[in-house]
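Please read the structure below before turning to the comments.
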Amino acid sequence: MAGLSGEHILCAGADQPAAAGARTCDLAGLGAQAQIAADLSEWDYGTYEGRTSAEIRVERPDWSVCRDGCPGGETPTQVSERADRLIAGVLAVEGTIALFSHGQFGAVLAARWIGLEIAEAEHFTLAPASVSILGPKPGHPHLPAICQWNGGPSAAPRQSTSGSRYGQS
């Protein structure tokens with residue numbers, strides 16, 4: 001992501017249990033210019049913090065974070081509202097904006113950007129340290145589009161036998 005720049009740079013806070021967004025912003029060389037945006041925070045996984053989807057599904061076979069949320073953490077409605085607030089803020093600013101966040105919230109942000117319900121975010125897989133671009137569809141300035149998804153060298157899907165742990169990067 002060398003050479004990445006933006007007129008405005010926002011990142012999730014480094015004090016979160018999984019501060020991947022802030023670390024990625026630093027690695028991109030933009031950490032000193034970034035402003036912390038609380039609405040970019042990763043999903044609050046509550047009692048599921050540190051557990052894999054496979055571990056959770058032993059107890060709840062049909063569980064989906066985007067549909068069911070997490071006990072003691074955020075509901076899908078709360079996360080969707082955060083994404084909508086962030087989008088409203090982004091649309092109110094002139095110029096290019098670079099956002100650094102976490103994969104699960106990035107998927108929610110993309111779904112909400114194009115007007116999908118939060119449950120549809122589970123269909124968006126976001127690779128670590130990838131570059132995605134949300135913006136208007138070319139030639140249609142008022143039509144939100146996903147202009148690029150999972151760009152960069154880390155865009156290839158990774159196989160995992162244990163699954164990723166919620167709240168850990």
Side-chain angles (χ1 to χ4, degrees), residues 1-13 16 18-31 33-45 53 62-70 73-158 164 166 169:
M1 289 200 294
L4 180 68
S5 64
E7 295 173 24
H8 308 280
I9 302 159
L10 303 174
C11 72
Q16 295 188 288
R23 282 196 306 273
T24 304
C25 185
D26 285 338
L27 290 171
L30 300 172
Q33 303 164 32
Q35 297 175 348
I36 302 298
D39 282 338
L40 276 171
S41 299
E42 180 57 296
W43 202 302
D44 178 351
Y45 298 113
S53 294
D62 194 36
W63 176 78
S64 166
V65 69
C66 293
R67 182 189 62 231
D68 305 317
C70 302
E74 285 181 292
T75 67
T77 299
Q78 290 170 319
V79 176
S80 184
E81 289 170 353
R82 270 200 297 121
D84 291 348
R85 260 192 324 267
L86 182 66
I87 290 168
V90 164
L91 291 174
V93 174
E94 293 284 327
T96 303
I97 302 171
L99 303 176
F100 292 84
S101 189
H102 305 270
Q104 195 117 47
F105 186 74
V108 169
L109 188 62
R112 297 302 299 141
W113 179 260
I114 59 173
L116 297 177
E117 294 298 321
I118 188 172
E120 301 305 320
E122 69 184 357
H123 300 286
F124 293 88
T125 301
L126 193 56
S130 62
V131 176
S132 297
I133 300 173
L134 306 177
K137 182 176 179 178
H140 302 272
H142 301 291
L143 182 62
I146 298 172
C147 303
Q148 176 179 309
W149 193 252
N150 273 333
S154 66
R158 298 184 317 164
S164 62
Y166 285 98
S169 54

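Basis for what follows: all heavy atoms, side chains included, without hydrogens, waters or symmetry-related copies. A quick note: this is a predicted structure, and the numbers were derived from the prediction, not measured.
- In this structure, the separation between CH2 on W113 and CG on L91 is 4.5 Å, given to the nearest 0.5 Å.
- Here I114 contributes atom CD1 and K137 contributes atom NZ; the two are 12.0 Å apart, rounded to the nearest 0.5 Å.
- Across E122 and C66, no two heavy atoms sit closer than the pair N-SG, 3.7 Å.
- In this structure, H102 and L40 approach most closely via the heavy-atom pair CD2-O, 4.0 Å.
- Across all non-hydrogen atoms, the minimal contact from C70 to D44 is CB-O, 4.1 Å.
- Looking at R112, its side chain never comes within 3.5 Å of a backbone N or O of R82 through a donor-acceptor pair.
- Of all the heavy atoms in P136 and P141, the pair that sits closest is CB-O, 3.5 Å.
- Shortest non-hydrogen contact noted between L134 and I146 is CD2-CG1, 3.9 Å.
- When atom types are taken as modelled, the side chain of W63 and the backbone of S53 share no donor-acceptor pair closer than 3.5 angstrom.
- Distance check, rounded to the nearest 0.5 Å: CG of L99 to CD1 of I87 gives 10.0 Å.
- When side chains are defined from C-beta on, V79 counts as touching F105, because their heavy atoms get closer than 4.5 Å.
- Taking 4.5 Å as the limit, every side-chain heavy atom of L109 sits out of range of all side-chain heavy atoms of S101.
- At distances below 3.5 Å, not a single donor-acceptor pair connects side-chain atoms of W149 with backbone N or O atoms of I133.
- Residues N150 and F124 fail the side-chain proximity criterion, which asks for heavy atoms closer than 4.5 Å.
- Side-chain contact between P76 and R67 is absent, with no heavy-atom pair separated by less than 4.5 Å.
- Residue E117 qualifies as open at atom CD: its count of foreign heavy atoms under 6.0 Å is 12 or below.
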